[in-house]
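Hydrogens, waters and symmetry mates are skipped; everything else that's a heavy atom, side chains included, is used. To find a chain, count down the sequence lines: A is the first, B the second, and so on, and within it residues start at 1.
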Amino acid sequence: MRTSWAESADNSAIGSGNGNSSAYPPRGAYVPPHLRNRSLPSEVPPAAASLPVNDRVNHGGPAPHHGGGYFKADQGRQQGHGSGYQTGGGWNVRGAGRDRGRREVNPFENDEAEEQSFSEQENTGINFEAYDDIPVETSGENVPPPVNTFAEIDLGEALNQNIQRCKYVKPTPVQRYAIPISLSGRDLMACAQTGSGKTAAFCFPIISGIMREQYVQKPRVARTAFPLALILSPTRELSCQIHDEAKKFSYQTGVKVVVAYGGAPITQQLRELERGVDILVATPGRLVDLLERARVSLQMIRYLALDEADRMLDMGFEPQIRKIVEQMDMPPPGMRQTLLFSATFPKEIQRLASDFLSSYVFLAVGRVGSSTDLIAQRVEYVLESDKRSHLMDLLHAQRENGIHGKQGLTLVFVETKKGADALEHCLCVNGFPAASIHGDRTQQERELALRSFKTGNTPILVATDVAARGLDIPRVAHVVNFDLPNDIDDYVHRIGRTGRAGKMGLATAFFNESNLSLAKPLADLMQEANQEVPAWLTRYAARAIYSGGNRNRRSGGSRFGGRDFRREGSFNKSTDYFGGGPGGVAGGGYGNYGGGYSQGVTSAWD
DNA sequence: AAAAAAG
């Protein structure tokens with residue numbers, strides 16, 4: 001019989017601080033530090049208890065007017081289905097919230113209840129003033145200027161109402177820039193944090209564009225769906241999340257949003273598609289399946305958005321993405337509008353991405369807050385064999401300080417799926433309520449784990465990189481890199497699960513000899529973020545061997561997740577870099593609208 | 001080498 005954390009805690013004088021005479025713990029059982037007869041390898045950092053809890057994302061977005069006539073308006077499409085759609089100055093409210101007799105579910109229904117259950121989520125979260133200091137960098141030809149308020153853009157009455165329902169007051173930086181750019185019809189490559197309204201930044205222009213256009217009649221092919229917009233993301237959960245948000249934004253606009261991803265029965269997704277789809281949110285695998293079955297055609301695609309675009313174009317995904325974008329029936333760049341978003345944009349990925357773009361604008365938005373703040377980063381030297389007990393020490397200290405329960409969530413990243421299972425089990429056995437999520441679990445299990453984490457039912461989630469990107473989980477107070485990733489960009493995405501929307505977060509990393517390749521980039525990153533870099537890490541960093549040209553991927557992008565590779569003169573060894581698609585950017589003429597680069601601001605976090 | 005994504 002093992003002793004659980006709860007039991008050992010109950011049976012001892014909690015808080016006495018130095019009861020150090022207990023017997024050696026039973027194998028596998030966790031014993032809190034103060035009951036142990038040994039000193040810890042490194043000091044337990046102050047628990048995250050004092051950190052404010054994450055708030056909901058309050059974003060917004062609006063901007064100027066359509067560049068107009070981007071696509072040929074054609075034989076005015078038939079409007080609505082008889083039911084009273086509102087028509088406000090050129091806006092087509094399609095179907096007016098009714099879908100062939102089915103009533104549109106109000107996606108805002110549950111919001112109030114949810115918010116009330118977390119009193120800390122009152123709308124005090126974002127420091128909007130801080131937004132004014134955010135460094136922004138744009139490049140490309142004739143970049144449309146940003147807007148400052150929602151009032152400056154007319155996205156249409158229906159969409160405006162949804163913006164209000166979402167309680168978005170003021171556009172976030174990425175929205176201020178990206179929405180006007182998108183509305184003017186330009187392609188866009190954007191480096192920006194998700195926590196600050198990235199989804200809205202690409203959804204608003206798409207929805208308003210679809211409402212505005214009197215586009216050509218969709219072909220009628222039995223059982224084939226013809227979406228007008230395609231949004232791709234690298235994980236199923238992220239696609240679900242985007243779908244949920246897009247549903248809110250398109251409520252009562254008549255714009256139909258459907259999600260398709262693997263691991264779930266395809267039949268229901270097929271049914272949804274048959275009912276009609278304007279915006280399709282999908283993961284690549286399932287979409288290819290649908291395309292091959294000819295249940296979806298991309299020939300009517302006007303808008304293509306890639307979320308976490310750098311991941312979508314890396315080695316694992318690139319062939320699938322190329323197949324979808326280049327080898328099916330999607331209109332080429334210039335005939336569609338392409339929007340790429342990510343927190344990190346390595347140069348080599350930018351180069352790949354330019355194949356999909358036409359005369360695009362590059363946008364980099366620094367993170368909210370100006371220097372150290374938001375995410376406190378710690379690195380601790382922990383031997384592989386000590387990791388578990390060290391983690392439990394951290395969790396125990398957090399619990400003592402009351403961060404757990406319904407308050408703060410802890411997300412623990414590990415390298416492998418097996419490792420995730422093992423650690424989850426270990427934590428549960430020791431009385432720490434944990435769930436786990438990784439790609440070998442069934443979709444049901446994955447969604448259950450995520451739900452259980454979000455609700456605070458299991459305030460600890462052990463995850464592989466499946467959860468590293470894009471997921472917006474409010475109240476994650478602490479991200480632990482139990483195993484560090486090999487790629488510094490992955491680290492950036494992981495820690496970006498906390499400190500969101502202007503709230504503080506804590507990120508702790510366990511470092512040892514197996515992470516040598518990360519020493520230098522990690523030390524650099526922390527330095528840029530004004531974090532205290534342990535001396536031992538600096539020594540490792542100095543010793544680090546240059547691993548090819550890779551280590552410098554972030555060069556020039558210290559304030560952001562990336563920098564327009566077109567501006568890196570030395571990188572332009574051949575001429576085709578400017579030529580991605582018809583009317584590629586003809587070098588020169590880069591406009592800067594950002595201004596106010598404050599020093600010490602680091603990369604965009606998401 | 002690992003993770004993700006179709007079944």
Side-chain angles (χ1 to χ4, degrees), chain A residues 230-243 259-270 273 280-296 306-325 327-328 342-344 346 349 352 384 411-424 436-447 449-450 461-471 479 481-494 496-497 510 512-518 547-548 550:
Chain A
L230 177 63
I231 300 172
L232 292 172
S233 95
T235 66
R236 298 163 182 174
E237 286 76 13
L238 186 50
S239 280
C240 286
Q241 180 181 300
I242 295 167
H243 172 249
V259 66
Y261 55 88
I266 201 169
T267 49
Q268 195 189 334
Q269 292 172 8
L270 288 173
L273 288 168
L280 178 59
V281 185
T283 47
R286 178 53 63 88
L287 178 60
V288 168
D289 190 4
L290 292 168
L291 291 169
E292 283 170 350
R293 297 178 190 218
R295 299 300 296 262
V296 169
L306 301 190
D307 202 2
E308 307 299 337
D310 63 332
R311 168 60 84 233
M312 303 302 279
L313 294 170
D314 81 3
M315 289 201 314
F317 275 115
E318 197 212 350
Q320 265 180 314
I321 301 300
R322 277 199 192 277
K323 175 166 187 174
I324 292 166
V325 177
Q327 290 155 34
M328 304 304 287
S342 183
T344 52
I349 302 285
L352 286 177
E384 211 59 42
L411 183 52
V412 183
F413 282 105
V414 296
E415 195 59 17
T416 66
K417 295 180 271 201
K418 272 178 73 175
D421 283 335
L423 183 58
E424 178 206 10
S436 76
I437 185 169
H438 61 70
D440 273 356
R441 306 201 68 187
T442 68
Q443 193 53 28
Q444 228 178 5
E445 290 171 324
R446 286 166 58 161
E447 282 166 23
L450 198 55
L461 182 68
V462 182
T464 59
D465 268 331
V466 70
R469 286 169 173 261
L471 292 188
V479 167
N481 274 290
F482 187 88
D483 301 318
L484 274 163
N486 295 315
D487 187 329
I488 190 66
D489 283 347
D490 291 331
Y491 173 85
V492 169
H493 283 274
R494 286 179 177 187
R497 297 314 99 211
F510 295 174
N512 60 38
E513 303 278 342
S514 56
N515 309 115
L516 292 182
S517 68
L518 205 66
S547 55
N550 229 17

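When distances run from any side-chain atom of A:Thr416 to the nucleotides B:dA5, B:dA1, B:dA2, the shortest one goes to B:dA2. The side chain of A:Gln320 sits closest to B:dA5 out of B:dA3, B:dA1, B:dA5. Set against B:dA5, B:dA3, B:dA2, the side chain of A:Glu415 has B:dA2 as its closest nucleotide.
Here B:dA3 presents its C1' atom at 9 Å from CG of A:Asp490, a figure rounded to the nearest Å. Straight-line distance from the CD atom of A:Glu308 to the P atom of B:dA5: 13 Å, rounded to whole Å. The distance between atom CZ of A:Phe413 and atom P of B:dA2, rounded to the nearest whole Å, is 19 Å. In this structure, CG of A:Asn515 is placed 16 Å from P of B:dA2, rounded to the nearest angstrom. As rounded to whole Å, 14 Å separates atom P of B:dA5 from atom CG of A:Asp307. Taking atom NE2 of A:His493 as the reference point, atom P of B:dA2 lies 22 Å away to the nearest angstrom. The distance between atom CD of A:Glu292 and atom P of B:dA5, rounded to the nearest whole Å, is 18 Å. As a whole-Å value, the separation of A:Asp310 CG from B:dA4 P is 17 Å.
Using a 4.0 Å heavy-atom criterion, one finds that A:Gly439 contacts the sugar-phosphate atoms exclusively. Backbone-only engagement by A:Arg446 is indicated by non-hydrogen atom pairs under 4.0 Å involving sugar-phosphate atoms exclusively.
For B:dA2, neither phosphate oxygen OP1 nor OP2 lies less than 4.0 angstrom from any side-chain nitrogen or oxygen of A:Lys418. Within the structure, a side-chain polar atom (N or O) of A:Arg236 is placed less than 4.0 Å from OP1 or OP2 of B:dA5. Distances shorter than 4.0 Å separate none of the side-chain N or O atoms of A:Arg494 from OP1 or OP2 on B:dA3. For the pair A:Thr464 and B:dA2, the criterion of a side-chain N or O lying under 4.0 Å from OP1 or OP2 is not met.
Here CD of A:Gln320 is found 10.0 Å from CG of A:Leu232. Values are rounded to the nearest 0.5 Å.
Using modelled atom types, one finds a donor on one side chain and an acceptor on the other under 3.5 Å when comparing A:Glu447 with A:Gln443. Counted by atom type alone, A:His493 and A:Asp465 present zero donor-acceptor pairs between their side chains at under 3.5 Å.
Surrounding CD of A:Gln268 are at most 12 heavy atoms belonging to other residues, nucleotides or ligands under 6.0 Å away.
A:Asp490 has a carboxylate O that lies under 4.0 Å from a charged side-chain N of A:Arg311, or vice versa, which qualifies the two as a salt bridge.
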